[in-house]
*Asks:* 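Here it is: the structure, laid out below.
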Amino acid sequence: MHLSEQEIIRREKLEKLLALGIDPFPPEAYEVTVHAAHIKEFFQEDAEGKPVNFQEVSLAGRLMSSRVMGKASFAELQDSTGRIQLYISRDDIAPGDDKTLYNEVFKKLLDLGDFIGVKGHVFRTQMGEITVHVTEFKLLGKALRPLPVVKRDEEGHTFDAFTDPEQRYRMRYVDLVVNPEVKGTFLKRTNMVASIRRFLNERGGLEVDTPVLQAIPGGAAARPFITHHNALDVPFYLRIANELYLKRLIVGGFDWVYEFSRNFRNEGMDRTHNPEFTILEFYVAYKDYLWMMQTTEALLEQAAMDTCGTTDVQVGETIINFKAPYRRISIYDAIKEHAGIDVSAMDEAELREVCKKMHIEIDGSMGKGKLIDKIFGEKAEHKFIQPTFITDYPVEMSPLTKKHRSKPGLVERFELMINGKEVANAYTELNDPIDQRERFEEQVTLMERGDDEAMFIDHDFLRALEYGMPPTSGIGIGIDRLAMLLCNQYSIQDVLFFPQMRPEKFD
RNA sequence: GAUCUCGUAGCUCAGCUGGUAGAGCACUUGACUUUUAAUCAAGGUGUCCUGGGUUCGAAUCCCAGCGGGAUCACCA
């Protein structure tokens with residue numbers, strides 16, 4: 001094992017601590033009575049400037065900086081809420097003749113990054129900084145590797161930032177320690193999810209769990225990961241969606257079920273795609289996609305409000321307004337609006353002609369539905385910046401969706417576009433088992449034509465529908481994509497703690 | 001998967017047309033009892049991503065590989 005100079009020095013310090021009878025990794029709990037942010041927010045002084053509270057505090061965290069000035073030192077402690085300054089004077093922590101605790105342990109054997117616990121009282125320095133005057137400290141956990149030292153001056157300028165994306169993603173633990181805004185992003189994401197969960201629970205939604213290992217990967221058009229079950233000696237797929245399982249629960253008599261579903265798709269990775277990602281799906285009996293549009297607007301408005309404190313959310317250079325209601329436009333009108341052509345009456349040959357003229361890449365496996373989707377994707381999708389429901393898709397690209405109540409050839413489906421990206425996809429669910437069987441059979445034809453994303457026939461799902469499913473509307477909302485918007489992050493990797501990367505090699 | 005680009009100290013980076021490896025911070029030693037990007041003095045950082053090649057000589061030029069990023073393709 002190759003050790004750098006600094007790592008060797010820290011290991012030597014470990015030995016010296018042990019020689020002094022100090023356990024660098026003590027087992028017992030340390031009493032924490034207060035956190036840094038709380039002190040900074042609520043510290044008070046009387047008229048003479050004498051502190052009135054926090055005169056007996058005990059807190060713990062990482063030592064993040066240390067400025068030794070002879071017999072006194074200033075240091076910074078970083079706990080889960082932020083940083084607070086420490087003032088440590090030699091004669092306070094080592095009142096007797098033996099000054100080892102200060103001269104050796106504090107000044108020499110502690111390193112930046114070490115976990116320590118401190119007890120003391122809070123005061124304000126001459127420079128105005130709220131500070132803990134330490135009377136007692138204890139090493140709680142030694143850091144054997146040096147953290148990147150990121151410094152910030154008064155104007156907020158950052159020096160020597162820890163910025164290498166590879167290192168930040170691979171060693172998120174370090175990223176979180178030294179880049180406080182990263183923690184902020186993830187807290188925001190968690191708040192967003194909590195807000196959505198509250199919204200659903202308040203309306204009678206029931207949170208459920210359904211299988212991740214599936215014998216038939218259904219509910220979406222995507223290439224799955226394949227794994228193998230040893231005892232049964234059969235292949236299993238990691239789920240690409242949970243849709244068909246949630247609908248089985250609607251068959252079973254629940255009115256409203258939801259699941260934050262970790263899905264896995266064996267496809268490319270880029271700034272908007274990770275092999276595993278989270279979709280919130282929910283299904284509500286006796287509703288249709290029109291109801292679902294209203295519910296989606298309300299859900300997103302609340303999520304934006306709870307997460308950002310406003311419905312006008314800054315995303316990159318633009319402001320996205322999450323306040324309901326959102327614009328609605330059919331996919332044909334959307335294409336008309338942005339490509340200037342009416343594809344609503346075209347057959348497959350005509351659509352191919354249009355794609356050719358627009359220099360849109362196509363191949364022989366694509367049917368009418370996919371061609372229309374292509375044209376929309378190339379010419380219109382990225383133009384919808386403000387939240388917009390794109391409605392009424394062609395039946396060929398929606399095998400699980402009920403046919404439109406009044407428009408032949410279309411289905412009752414919408415996708416929600418925000419900032420030029422699909423964030424949600426919803427339908428009035430197909431509950432006619434005979435129609436569903438025919439749609440699955442069409443998928444088999446597509447598969448034979450070479451479409452490797454066409455759906456398998458799920459016979460158990462058909463059997464469930466044959467027992468009867470109430471009219472139902474369902475939706476999938478891309479939680480990572482939504483988090484990217486509400487947290488104003490350009491890349492999905494910045495809203496996932498551990499984005500997928502090529503495995504690291506250690507030698 | 002394709003193209004472009006990057007890889008030098010713990011971190012951020014410089015290193016020109018090839019000539020003994022550099023800075024700031026961090027680190028080590030010392031001074032300093034209200035500092036705050038603390039300051040002052042002194043000190044050493046290293047598989048220049050890996051492996052080949054060209055050359056008297058390669059961090060530098062060439063080839064291959066590994067890893068990252070960006071763009072594109074597939075997709076949410």
Side-chain angles (χ1 to χ4, degrees), chain A residues 2-10 12-13 64-76 83 85-92 102 107-108 111-113 123-129 131 133 143-170 174 178-179 220-223 240-241 261 263-280 361 363 370 373-374 377 381 415-417 421-425 451-453 476-482 484 490-493 501-505 507:
Chain A
H2 174 79
L3 295 178
S4 69
E5 181 202 31
Q6 295 193 41
E7 289 172 297
I8 292 166
I9 289 167
R10 286 180 182 225
E12 286 167 2
K13 289 179 179 181
M64 293 303 285
S65 74
S66 167
R67 297 179 287 277
V68 177
M69 308 175 58
K71 298 183 187 67
S73 300
F74 289 91
E76 278 175 297
R83 290 191 187 188
Q85 183 168 266
L86 306 179
Y87 173 75
I88 296 147
S89 88
R90 187 192 67 183
D91 299 331
D92 286 331
Y102 183 78
K107 272 168 65 175
K108 293 194 181 163
D111 287 300
L112 301 191
F123 75 112
R124 192 186 291 272
T125 65
Q126 288 169 9
M127 304 301 287
E129 183 84 13
T131 302
H133 186 136
L144 293 182
R145 289 175 184 260
L147 286 168
V149 180
V150 180
K151 294 205 166 192
R152 287 180 180 80
D153 68 11
E154 281 167 16
E155 283 95 56
H157 298 118
T158 301
F159 300 84
D160 299 337
F162 180 64
T163 52
D164 179 0
E166 179 180 4
Q167 296 203 63
R168 288 188 47 223
Y169 299 146
R170 285 197 195 280
V174 173
V178 303
N179 292 326
R223 294 206 299 271
I240 55 175
S261 172
N263 295 342
F264 304 83
R265 298 190 185 173
N266 205 341
E267 291 157 356
M269 302 157 58
D270 59 32
R271 70 172 195 86
T272 56
H273 297 85
N274 194 66
E276 56 182 292
F277 62 103
T278 304
I279 294 272
L280 162 69
E361 248 181 80
D363 66 60
K370 233 175 174 173
D373 192 40
K374 265 288 194 190
E381 182 172 354
E415 291 192 356
L416 175 61
M417 299 296 158
K421 287 272 178 213
E422 180 190 339
V423 170
N425 180 20
D451 185 344
D452 58 359
E453 294 183 339
I477 298 175
I479 291 297
D480 309 297
R481 294 248 171 117
L482 189 59
M484 286 167 67
Y490 177 75
S491 165
I492 197 170
Q493 297 173 112
M501 301 192 84
R502 193 178 295 274
E504 194 174 356
K505 280 185 192 136
D507 28 46

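Below, chains carry the letters A, B, ... as their sequence lines are ordered, and counting in each starts from 1. Heavy-atom basis, side chains included; hydrogens, waters and symmetry copies ignored.
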*Asks:* Scan A/R67 against the nucleic acid and name what it touches under 4.0 Å (heavy atoms): base, sugar-phosphate only, or nothing.
*Replies:* base

*Asks:* Figure out the CE/P separation between A/M127 and B/U39, and round it to whole Å.
*Replies:*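 Taking CE of A/M127 and P of B/U39, I get 13 Å after rounding.
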
*Asks:* Considering only atom C1', compute the distance from B/U45 to B/G10 and round it to an integer number of Å.
*Replies:*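 About 10 Å, rounded to a whole number of Å.
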
*Asks:* Across the strands shown, which category fits A/E381 at heavy-atom distances under 4.0 angstrom: base, sugar-phosphate, nothing?
*Replies:*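 Nothing, no heavy atom under 4.0 Å.
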
*Asks:* Using the six-membered ring wherever Trp is involved, compare the ring planes of A/Y87 and A/F74 and label them parallel, tilted or perpendicular (cut-offs 30° and 60°).
*Replies:*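 Ring orientation, 0 to 90° scale: tilted.
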
*Asks:* If you find the nucleotide of RNA chain B closest to A/V149 and the one closest to A/K108, which residue's nucleotide is nearer the 5' end?
*Replies:*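 Result: A/V149.
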
*Asks:* Distance check, P atoms only: B/C48 and B/U20, in whole angstrom units.
*Replies:* 16 Å

*Asks:* Can you tell me the Watson-Crick or wobble partner of B/C40, both distances under 3.5 angstrom?
*Replies:* B/G30

*Asks:* With a 3.5 Å cut-off and just heavy-atom distances, do the side chain of A/N266 and the base of B/C74 make a donor-acceptor pair?
*Replies:*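 Per atom types, no contact qualifies.
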
*Asks:* Using the C1' atom on both, measure B/G18 against B/G30 and round to a whole Å.
*Replies:* 42 Å

*Asks:* Can you tell me if A/R170 touches the phosphate of B/G68, counting only side-chain N or O atoms and a distance under 4.0 Å to OP1 or OP2?
*Replies:*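 Answer yes for this pair, as a side-chain N or O of A/R170 is under 4.0 Å from OP1 or OP2.
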
*Asks:* Mind checking if A/V68 touches a base, just sugar-phosphate, or nothing, with heavy atoms under 4.0 Å?
*Replies:* base

*Asks:* Which part of the nucleic acid, if any, lies within reach of A/S73 when heavy atoms closer than 4.0 Å are counted: base, sugar-phosphate only, or nothing?
*Replies:*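 Counting heavy atoms under 4.0 Å across all strands, no contact is made by A/S73.
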
*Asks:* Whether A/K374 contacts B/C74 is assessed here as follows: a side-chain N or O lying under 4.0 Å from the phosphate OP1 or OP2. Is that the case?
*Replies:* yes

*Asks:* Considering only the C1' atoms, how many Å lie between B/G15 and B/G46, rounded to the nearest integer?
*Replies:* 14 Å

*Asks:* Would you indicate what A/E129 reaches in the nucleic acid, counting non-hydrogen atoms under 4.0 angstrom: base, sugar-phosphate, or nothing?
*Replies:*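 If one applies the 4.0 Å heavy-atom cut-off, A/E129 turns out to touch a base.
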
*Asks:* My understanding is that a pair needs two contacts under 3.5 Å, Watson-Crick or G-U wobble. By that rule, which nucleotide pairs with B/A2?
*Replies:*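 Paired with B/A2, as far as the under-3.5 Å criterion goes, is B/U71.
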
*Asks:* Across the strands shown, which category fits A/Y490 at heavy-atom distances under 4.0 angstrom: base, sugar-phosphate, nothing?
*Replies:*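 Sugar-phosphate contact only - A/Y490 comes under 4.0 Å of backbone atoms but never of a base.
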
*Asks:* Write down the distance separating the C1' atoms in B/A58 and B/C63, rounded off to the nearest Å.
*Replies:* 15 Å

*Asks:* Could you tell me how far B/A9 sits from B/U50 if I compare only their P atoms? Round to whole Å.
*Replies:* 11 Å

*Asks:* Mind checking A/D270 for me? I need base, sugar-phosphate or nothing, with any heavy atom below 4.0 Å counting as a touch.
*Replies:*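 The answer is base, as A/D270 lies within the cut-off (heavy atoms under 4.0 Å) of a base atom.
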
*Asks:* Do A/T125 and A/Q85 come within less than 4.5 Å of each other through their side chains, counting heavy atoms only?
*Replies:* yes

*Asks:* Considering only atom P, compute the distance from B/A21 to B/U60 and round it to an integer number of Å.
*Replies:* 13 Å

*Asks:* Within 45 degrees of the axis of the six-membered ring of A/F277 and under 6.0 Å from its centre: does A/R265 put its NZ or CZ there?
*Replies:*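 No.
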
*Asks:* Quick check on RNA chain B: between A/F123 and A/N274, whose nearest nucleotide comes earlier from the 5' end?
*Replies:*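 First, find each residue's nearest nucleotide; the 5'-ward one identifies A/F123.
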
*Asks:* If you look at every strand shown and take non-hydrogen atoms under 4.0 Å, does A/R90 touch a base, only sugar-phosphate, or nothing?
*Replies:* nothing

*Asks:* Searching all strands shown, indicate the nucleotide that pairs with B/A64 (Watson-Crick or G-U wobble; both distances under 3.5 Å).
*Replies:* B/U50

*Asks:* Just call it for A/E76: base, sugar-phosphate, or nothing, with non-hydrogen atoms closer than 4.0 Å on any strand.
*Replies:*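 Contact class for A/E76: none.
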
*Asks:* OP1 or OP2 of B/C74 sitting under 4.0 Å from any side-chain N/O of A/R223?
*Replies:* no

*Asks:* Heavy atoms under 4.0 Å, any strand shown: does A/N425 hit a base, just sugar-phosphate, or nothing?
*Replies:*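 Answer is nothing: A/N425 stays at 4.0 Å or more from every strand.
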
*Asks:* Is A/D92 touching bases, backbone alone, or none of the nucleic acid, heavy atoms closer than 4.0 Å?
*Replies:*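 Contact class for A/D92: none.
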
*Asks:* Could you work out the separation of B/A31 and B/A14 based on their C1' atoms and round it to a whole Å?
*Replies:*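 Approximately 32 Å lies between the C1' atom of B/A31 and that of B/A14.
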
*Asks:* Check A/P148 against A/V178 and note the closest heavy-atom contact, atom names and distance.
*Replies:* O-CG1, 3.5 Å

*Asks:* Under 4.0 Å, heavy atoms only, any strand: does A/A222 hit a base, just the sugar-phosphate, or nothing?
*Replies:*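 Nothing: the residue A/A222, judged by heavy atoms under 4.0 Å, touches no strand.
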
*Asks:* Counting the atoms with a prime plus P, OP1 and OP2 as sugar-phosphate, which does A/R124 contact under 4.0 Å by heavy atoms, base, sugar-phosphate, or nothing?
*Replies:*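 Touches nothing.
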
*Asks:* With both distances under 3.5 angstrom, what nucleotide forms a Watson-Crick or G-U wobble pair with B/G24?
*Replies:* B/C11

*Asks:* By the 4.0 Å heavy-atom rule, please label A/G268 as base, sugar-phosphate, or nothing.
*Replies:*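 A/G268: base contact, heavy atoms under 4.0 Å.
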
